[in-house]
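Order of listing sets the numbers, starting from 1, for every ligand and every atom in it.
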Amino acid sequence: MPLRVLILGGTTEASALARQIAGDARLAPVLSLAGRTTNPQPQPIPTRTGGFGGIEGLVRFLGDDKVDAVVDATHPYADQMSAHAVAACRETGVPLASLVRPEWQRHADDRWHVVADAEAAARALGAEPRRVFLSLGRQEVHVFASAPQHHYLARLIERPEQTKLPPDLRLLQARGPFDRADEERLLRAERIDVVVSKNAGGTATYAKIEAARALGLPVVMIARPHKPAGVAMADVDACVAWLHGLAPRGV
Ligand code: NAP
């Protein structure tokens with residue numbers, strides 16, 4: 001009997017894991033997406049979309065779908081989903097692995113100003129009008145309406161849902177990975193003074209950090225939240241090995 005696996009996804013790593021285990025007869029995986037993106041990338045394994053309904057809903061899902069193991073491969077900033085996964089797996093006894101993407105490390109010539117959240121990032125931009133490159137999820141752009149004196153260029157996969165947005169905002173719809181030379185060109189062409197970013201880790205969106213470094217631009221870096229985890233996995237291979245070592249529950 002194959003091992004029934006729930007993958008909490010929405011990231012490059014989750015998609016890489018899905019590709020690696022597609023067709024693996026030992027595993028019966030389902031990839032879960034929050035549903036934030038209207039046109040998600042096609043996946044080679046079955047998917048489901050939308051929240052579970054809190055911890056209680058996830059506990060019910062694990063039981064109804066007879067899930068044998070959960071892999072949390074959500075984004076480093078998706079802390080609520082991870083907290084729910086830890087609580088629901090503890091309650092049901094379902095093993096949980098967490099694929100944690102390492103943080104970007106500050107280089108000697110990086111000009112990072114690390115802040116706790118998007119609100120603090122908006123305050124850190126200061127009183128004087130600046131040209132700001134916002135490289136955040138669409139859930140946070142509205143926060144910068146509290147600092148309306150700045151010009152914002154926000155790069156997003158999709159438009160923000162909120163209606164109260166900064167008055168001087170231009171949206172650039174694009175999906176990574178991004179190239180270092182293109183990022184430098186963009187920051188120059190838009191005469192950007194400061195970049196606001198999350199410490200996403202990984203390679204897909206690192207080019208803007210390298211471009212800011214090359215141009216001597218400051219980066220307001222939003223620190224990672226505390227993200228509860230199960231058994232920490234460094235990469236997709238470790239995750240697959242962990243899954244192969246598990247037996248279906250009730251066997
Ligand atoms: P979050 O704050 O941790 O989660 C909020 C709620 O969204 C969860 O309680 C859950 O609803 C639902 N949810 C989140 N991930 C889910 C998943 N994979 N499958 C089913 N439901 C999910 O997370 P978020 O910041 O909203 O992020 C949502 C998704 O976008 C995640 O899959 C994450 O990997 C991806 N993402 C996030 C960021 C970011 O910066 N936050 C960046 C890129 C991608 P219920 O309580 O109803 O179960």
Side-chain angles (χ1 to χ4, degrees), residues 5-18 29-41 43 45-65 67 69-89 91-92 94 96-101 103-104 115-119 121 134-144 154-162 173-178 196-206 208 220-230 233 236 239:
V5 183
L6 173 66
I7 302 169
L8 302 169
T11 56
T12 319
E13 289 79 6
S15 301
L17 176 61
V30 172
L31 176 67
S32 175
L33 301 171
R36 306 271 183 266
T37 313
T38 326
N39 287 313
Q41 311 275 42
Q43 297 291 338
I45 61 173
T47 59
R48 65 162 301 282
T49 304
F52 297 95
I55 298 169
E56 219 175 283
L58 184 54
V59 165
R60 208 173 315 118
F61 182 93
L62 296 178
D64 290 350
D65 273 49
V67 172
V70 178
V71 176
D72 177 6
T74 52
H75 194 266
Y77 288 75
D79 53 339
Q80 186 172 307
M81 187 67 253
S82 297
H84 291 181
V86 166
C89 287
E91 193 173 325
T92 53
V94 174
L96 169 69
S98 303
L99 248 174
V100 185
R101 195 190 294 172
E103 282 189 305
W104 295 324
V115 296
D117 50 30
E119 286 76 10
L134 289 182
S135 175
L136 304 159
R138 62 172 167 159
Q139 322 256 47
E140 285 95 3
V141 173
H142 71 282
V143 169
F144 292 83
R155 183 170 60 200
L156 302 161
I157 297 176
E158 281 182 60
R159 292 189 65 81
E161 283 162 1
Q162 291 83 2
Q173 277 181 260
R175 193 198 289 264
F178 300 103
V196 180
S197 175
K198 289 180 179 172
N199 193 330
T203 54
T205 60
Y206 189 57
K208 66 182 174 228
V220 176
M221 185 67 84
I222 301 174
R224 287 189 177 188
H226 168 67
K227 188 171 162 82
M233 297 287 154
V236 167
C239 231

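Proximity to His84 (heavy-atom distance under 4.0 Å) selects the following atoms of ligand 1: 9 (O), 46 (O). The distance from ligand 1 to the heavy atoms of Asp79 drops below 4.0 Å at these ligand atoms: 3 (O). Close contacts between ligand 1 and Thr11 involve ligand atoms 34 (O) [criterion: under 4.0 Å to a heavy atom]. Counting atoms of ligand 1 from 1 in the listed order, those under 4.0 Å from a heavy atom of Arg48 are 20 (C). Atoms of ligand 1 lying under 4.0 Å from any heavy atom of Tyr77, numbered from 1 in the order shown and given with element: 39 (C), 40 (O), 41 (N). Close contacts of ligand 1 with Gly54, meaning ligand atoms under 4.0 Å from a residue heavy atom, involve 45 (P), 46 (O), 47 (O), 48 (O). Taking every non-hydrogen atom of Gln139 and a distance limit under 4.0 Å, the qualifying atoms of ligand 1 come out as 26 (O).
Nearest non-hydrogen protein atom to atom 37 (C) of ligand 1 is His75 CB, 3.3 Å. Nearest to atom 9 (O) of ligand 1 among the protein's heavy atoms is Gln80 NE2, 2.8 Å. Scanning the protein heavy atoms around atom 47 (O) of ligand 1, the nearest turns out to be Gly53 N, 2.9 Å. The protein heavy-atom contact nearest to atom 11 (O) of ligand 1 is Gly51 CA, 3.6 Å. Met81 SD, 3.4 Å is the protein heavy atom nearest to atom 22 (C) of ligand 1. For atom 18 (N) of ligand 1, the closest non-hydrogen atom on the protein side is Ser32 O, 3.1 Å. Among all non-hydrogen protein atoms, the one lying nearest atom 35 (C) of ligand 1 is Gly10 O, 3.8 Å. Of the protein's non-hydrogen atoms, the one nearest atom 40 (O) of ligand 1 is Lys198 NZ, 2.4 Å.
In this structure, the separation between CD on Glu140 and OH on Tyr77 is 9.5 Å, given to the nearest 0.5 Å. In this structure, CG on Leu31 lies 8.5 Å from CG on Leu17, to the nearest 0.5 angstrom. To the nearest 0.5 Å, the span separating CD1 on Ile222 from CG on Asp117 amounts to 7.5 Å.
Taking every heavy atom of both residues into account, Gly35 and Thr49 meet most closely at CA-CG2, 3.4 Å. Residue Cys239 comes nearest to Val71 through the heavy atom pair SG-CG1, 3.6 Å, listed as atom of the first residue, atom of the second, then distance. Pairing each heavy atom of His75 with each of Ala200, the nearest pair is NE2-CB, 4.1 Å. Scanning all heavy atoms of the two residues, the minimum distance from Ala174 to Arg155 falls at CB-CD, 4.0 Å. The two residues Val86 and Gly230 come nearest to each other via the heavy atoms CG2-N, 4.3 Å. Leu33 and Gly10 make their closest contact through CD2-N, 3.6 Å (heavy atoms, listed as atom of the first residue, atom of the second, distance).
At a 4.0 Å heavy-atom cut-off, ligand 1 touches Leu33 through the backbone alone. Heavy atoms of Arg36 found under 4.0 angstrom from ligand 1 belong exclusively to the side chain. Residue contacts with ligand 1, taken as heavy atom pairs separated by less than 4.0 Å, involve Thr74 via backbone and side-chain atoms alike.
Of the polar atoms of Ala73, none of the N or O atoms is found under 3.5 Å from an N or O of ligand 1, judged by distance alone.
No donor-acceptor contact under 3.5 angstrom links the side chains of Lys227 and Ser98, judged on distance only. Judged purely by distance below 3.5 Å, without hydrogens or angles, the side chains of Glu158 and Thr38 pair a donor atom with an acceptor atom.
Not a single heavy atom of Gly57 sits closer than 4.0 Å to an atom of ligand 1. Residue contacts with ligand 1 do not include Leu58, since none of its heavy atoms lies under 4.0 Å from the ligand. The closest approach between a heavy atom of Gly9 and any atom of ligand 1 is below 4.0 Å. Ligand 1 lies within reach of Gly50, whose nearest heavy atom is under 4.0 Å from it. Using a 4.0 angstrom heavy-atom cutoff, Glu140 does not count as in contact with ligand 1.
The environment of CD in Glu103 is crowded: more than 12 heavy-atom neighbours from other residues, nucleotides or ligands sit within 6.0 Å.
Note: Trp104 and Tyr206 have tilted aromatic rings, judged against thresholds of 30 and 60 degrees for the angle between ring planes.
Screening Leu8, Thr92, Leu58 for a side chain to side chain contact (heavy atoms under 4.5 Å, CB included) involving Val70 leaves a single residue, Leu8.
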